[in-house]
Number of protein chains: 2
Amino acid sequence: METAPRIPAEEADHDISLCPFVVGAWARLLQVAPTLLATVEAELKQAGLPPTQWYDALAALERAPQEAMAPGEIERHLLLTQCTTSRLIDRLVAEGYALRVVNPDDRRRQIVHLSAAGKTLIARMWPVYAAAIRRHVGRKLAPDDAQALIRILEKLA
Amino acid sequence: METAPRIPAEEADHDISLCPFVVGAWARLLQVAPTLLATVEAELKQAGLPPTQWYDALAALERAPQEAMAPGEIERHLLLTQCTTSRLIDRLVAEGYALRVVNPDDRRRQIVHLSAAGKTLIARMWPVYAAAIRRHVGRKLAPDDAQALIRILEKLA
DNA sequence: TGACAATAGATGCATCTGCATATAATTCTG
DNA sequence: CAGAATTATATGCAGATGCATCTATTGTCA
C-alpha cells in the first residue's frame, strides 16, 4: 500500500522516463482507494448492511430491463471474474435478494431477477451508502476536484 | 466495482447534497484502482515475481535505519491490519527475504531485517514494477494530470 | 511483591478470491 | 446425424483476509 520508495539507484538505469509524479500518483491511488472503501464498508457493516458489492449488483439489476440480467452481463458490468460473479449471485439468491431462472430456450443460460426483498435492500442501503460517500468524498473535494478526478481516472481506465 | 447507479429515486429524499460528480468520482476510483492494480500484479506474476505488497514491505525495510523495522511499524507504514502484517512477514521470512529477530530487551518485540536475498529481490522487481507503472499510468497521463491526481487524492486521504 | 492491566505479536475460524477444471447444453462440421 | 468444438455456469482447492481471541511478556500500583 505504500509503493513508490524514494527512487532507488537502479531506477535511473531502467526507467528514465518514470517521473516521480507518476510513481506518487500510483502510490496515492493504491493507498487512498482501498482505505476509502474499507471506511465505507465499515459504515455499512456498522449499520447491519451487506457490502457495497451487493449493492452494486442489486442496483445494476434494478435498472436493467425487467430488473434482470444474465450472470455474464453482471460480470462485465461489475468487472468481476466469472467465478466471483457466480458466487456473488449464490449469496444474493441464498439471502432472497435475487432469483436465478434458467432460460428455457438455452438451458445453459440463466437470468438473475431482482426480488422484492432485493429492492427493499437497495432502498435501505442507499441512504447509508450515500451518506458515507458524501462524508468521505463529497465533503473533502471541491466540485471542480470531483470533476477533475473523474476526468483523470477516465484516462487511466 | 460499479457503484454509482443512475441516481435512484430515493436519493433525492435522503441525500440532496450528494452531487453526481461525487458519486461518479467514487465509482471511478473504485473501478480504476483495483483494475490497475490487478494489471500490474499480473505483469509481476508473469515475470515470476511476487506481489506488489512484498515489494512495498521490502522497500520500506530497505530505506529504514539499519534496513529493519518492527512489525508494528510495517503495519502502520503499509496501512495493513496487525494480522495481515504478521502473516506477510511470515511469508517474507519463509522465503528468506527477511529475518525476524526478537528484541532481547523486550521479548514481546521483534525487529524484521531485510536480508541479502531481499535486497536482490527488490532490485529484480523494481524494473518490472516500474515498467508496469509507466505503461499503465505514466503513458496515460499528462504530467499535469499526475500532479493534479496526487493533489486531489491527498485531499481524500 | 503479587495481582491485574497493557502491549506485541500469533493463530483458529470463517469467508472470499483466483485459478484451473468440471459439468452441462448447444452449435458446428464433415 | 455423430462427434468435436464452443459457450455458460459451477466447483474443488489453495491462498489471503478480517475478526476475535490467545499467548507471552512487560508495566503498574496497592
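Quick caveat: nothing in here was measured; it's all calculated off a predicted structure. Below, chains carry the letters A, B, ... as their sequence lines are ordered, and counting in each starts from 1.
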So which protein N/O to nucleotides 7-9 of chain C N/O distances come out below 3.5 Å?
unit_1 : atom_1 : unit_2 : atom_2 : d
C/dT7  : O2     : B/R108 : NH1    : 3.1
C/dG9  : OP1    : B/Q110 : N      : 3.3
C/dG9  : OP2    : B/G72  : N      : 3.3
C/dG9  : O3'    : B/Q110 : NE2    : 2.8

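- The side chain to side chain contact (heavy atoms under 4.5 Å, CB included) test applied to A/A47 returns A/L49, A/V128, not counting sequence neighbours.
- Identified under the side chain to side chain donor-acceptor pair (under 3.5 Å) test for residues 65-76 of chain B, with sequence neighbours left out: B/E67-B/K119.
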Solution key, residues 150-157 of chain A side-chain donor-acceptor pairs under 3.5 Å, sequence neighbours excluded:
unit_1 : atom_1 : unit_2 : atom_2 : d
A/R151 : NH1    : B/D145 : OD1    : 3.3
A/E154 : OE2    : B/R28  : NE     : 3.2
A/E154 : OE2    : B/R28  : NH2    : 2.9
A/K155 : NZ     : B/D145 : OD2    : 2.6

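- For residues 40-54 of chain B, the pairs satisfying salt bridge (charged side-chain N to carboxylate O under 4.0 Å, His left out) are B/E43-B/R135, with sequence neighbours left out.
- Protein atom CZ of B/R91 is 12 Å distant from nucleotide atom C1' of D/dA14, rounded to whole Å.
- Under the 4.5 angstrom side-chain criterion for Ile, Leu, Val, Met, Phe, Trp and Tyr, B/L99 has no cluster partners at all.
- For the pair B/D56 CG and D/dA16 C1', the computed distance is 16 Å after rounding to whole Å.
- Separating the CD1 atom of B/I89 from the C1' atom of C/dT11 is a distance of 15 Å, rounded to the nearest angstrom.
- Legend: residues meeting side-chain hydrogen bond (donor to acceptor under 3.5 Å, both in side chains) with B/D106, ordered by chain and number and at least two apart, are B/R108, B/R109.
- Nearer to the 5' terminus of DNA chain C, by closest-nucleotide assignment, is the contact made by A/W54 (compared with the other of A/W54 and A/N103).
- Side-chain N/O atoms of A/R107 include none lying less than 4.0 angstrom from OP1 or OP2 on C/dT23.
- Along DNA chain D, the nucleotide closest to B/C83 and the one closest to A/R87 are compared, and the more 5′ of them pairs with A/R87.
- For the segment residues 37-48 of chain B, the set of residues with a heavy atom within less than 4.0 Å of an atom of DNA chain C is empty.
- The aromatic rings of A/Y129 and B/W26 lie perpendicular to each other, with more than 60° between the two planes, well past the 30° mark.
- With sequence neighbours excluded, no residue forms a side-chain hydrogen bond (donor to acceptor under 3.5 Å, both in side chains) with A/T120.
- Distance CG (A/L88) to C1' (C/dC16): 11 Å, rounded to an integer number of Å.
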